[in-house]
Amino acid sequence: MSTLPFPSGFLWGAATSAFQVEGAAREGGRGESIWDRFAATPGAIEDGRDAAVACDHFHRWPEDVALMKALGLNAYRFSIAWPRVQPLGRGAVNLAGLDFYDRLVDGLLEAGLAPNVTLDHWDLPQALQDRGGWGSRDTVAAFVDYAHAVSMRLGDRVRQWATHNEPWCLATLGHEQGCHAPGLKDPALALRVAHHLLLSHGQAVPVLRRNAPGAEVGIVLIHSQVEPETDGAADRDAARWWDGAFNRWYLDPLFRGEYPADAVADRVRLGHLPAGDLPFVRPGDLAAISAPLDFLGVNYYSRNVLSGLPGPGGEKPPRSVRMAPPEALTEMGWEVWPQGLEELLLRLHRDYRPARIYITENGAAFAEAPGADGVVHDGRRIGFLAGHLRALARAIAAGVPVAGYYHWSLLDNFEWAYGYTKRFGLVHVDPVTQRRTPKDSAQFYRAVATANAVPDVAPSP
Ligand code: FCB
């Protein structure tokens with residue numbers, strides 16, 4: 001069978017985040033996070049459930065590490081729960097919280113898995129939210145202190161550090177759309193939040209470099225491949241708008257030290273920003289934000305196809321148009337669009353030249369559960385994985401410096417506002433017994449990781 005090879009030393013991993021898998025929400029001195037508070041809000045979570053137990057990874061991590069080792073993986077991306085390290089978000093560090101991550105990192109290294117740590121995957125301590133959260137510039141300094149505490153403890157062993165996961169989601173879903181914690185609906189605030197996230201990233205970078213000499217430091221962004229529905233001017237402008245709001249609003253400050261002028265003008269027109277200088281930017285901010293990075297973490301799930309902007313005065317964010325037939329959608333309603341990954345990577349390489357890229361998330365929600373034989377036949381996930389890995393291999397062959405791939409997710413877990421209704425795992429998790437069952441896709445992924453190559457033909461479902 002012909003295969004597409006990956007570079008030697010390529011990292012094959014799986015990803016999780018603290019809030020989605022750890023559980024033990026009230027153990028080991030952990031404080032309350034904005035997601036604990038949000039999940040307790042009636043109607044906020046589709047199945048009405050919370051993450052107090054989640055996948056119980058806090059207790060079962062040795063089993064999960066052994067699972068990854070058995071799958072032939074050599075890397076694991078996880079996040080640190082800030083409220084476990086600083087229950088009140090600032091001041092005293094909870095040593096029991098740091099001890100947990102210390103043991104996890106040692107366990108990973110013993111199993112031959114490289115730890116890739118994300119400091120912020122959205123679970124801000126509630127005590128900081130009570131003082132304004134990411135809308136307050138004080139949270140920037142608090143994050144830098146937190147980054148210092150974690151990297152002082154783990155910096156001797158962790159070789160990859162990301163500051164934030166998907167600032168767009170935290171800013172926009174959390175502060176503009178209100179469907180994520182902290183559940184606010186204020187577009188102007190969301191832009192301020194985005195800036196503070198970027199600034200806290202920039203200010204944490206030198207701290208991480210100091211405390212983890214020689215480690216790679218980066219940030220993880222969510223991206224989609226953006227396309228106009230037709231070649232008409234209105235559709236093309238809508239695509240430009242969305243690319244600006246979703247992709248370039250983060251890429252341009254990080255890689256060019258400026259916000260994209262056209263996207264700023266859009267926000268002024270929408271009344272989300274005053275004309276003139278951005279009110280939340282102070283001298284020196286953009287220089288800090290654009291400090292050189294060792295890697296860009298790319299989370300890719302789908303493309304967005306955009307139709308024309310609503311008319312002047314009645315502006316609303318353009319909507320994504322579903323071009324795909326239902327069978328081409330995952331259970332999130334996201335279109336399976338592997339070639340978008342290749343196109344996106346070529347574009348990021350062409351326009352921004354990140355020194356190195358990791359695919360820090362890519363995956364699909366499909367609901368398959370163990371059958372009578374106890375096996376999970378998730379052929380759709382295998383198809384998704386194979387298609388995206390082939391697209392990735394093509395991008396690498398074309399010169400994009402991608403050094404690793406982390407599938408989202410290792411485990412079926414707490415999918416934010418969807419609760420446990422969406423299953424992204426390579427490994428099925430029974431919500432009652434916590435029993436872990438690797439799916440067929442996990443076996444497929446093991447074969448890929450072991451061969452360091454993906455089959456060039458679609459596997460049969
Ligand atoms: C990403 C998040 C991750 C997970 C996947 C499905 O946006 O970073 O936590 O929810 O989507």
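Ligands are counted one by one from 1 in listed order, and the atoms in each one are counted from 1 as well.
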Query raised in the report: Mind checking whether Y259 and W249 have ring centres under 6.0 Å apart?
Result: yes
**Report entry** F143 ring center within less than 6.0 Å of H164 ring center
**Finding:** yes
Requested in this report: Under the salt bridge (Lys or Arg N to Asp or Glu O under 4.0 Å) rule, what do R84 and E32 come out as? Steps first, then yes or no, please.
Outcome: CA-CA 9 Å; R84 218 179 260 300; E32 187 190 15; over 6 Å; no
Query raised in the report: Using a threshold of 4.0 angstrom between heavy atoms of the protein and any atom of ligand 1, which residues qualify?
Result: Q20, H121, W122, N165, E166, Y301, E361, W408, E415, W416, F424
Query raised in the report: Can we say R303 and E227 salt-bridge, meaning some charged N sits less than 4.0 Å from an Asp/Glu carboxylate O?
Result: yes
Query raised in the report: So, F10 versus W12, ring centres under 6.0 angstrom or not?
Result: yes
**Report entry** Check ion pair R90-D145 (N to O, under 4.0 angstrom)
**Finding:** no
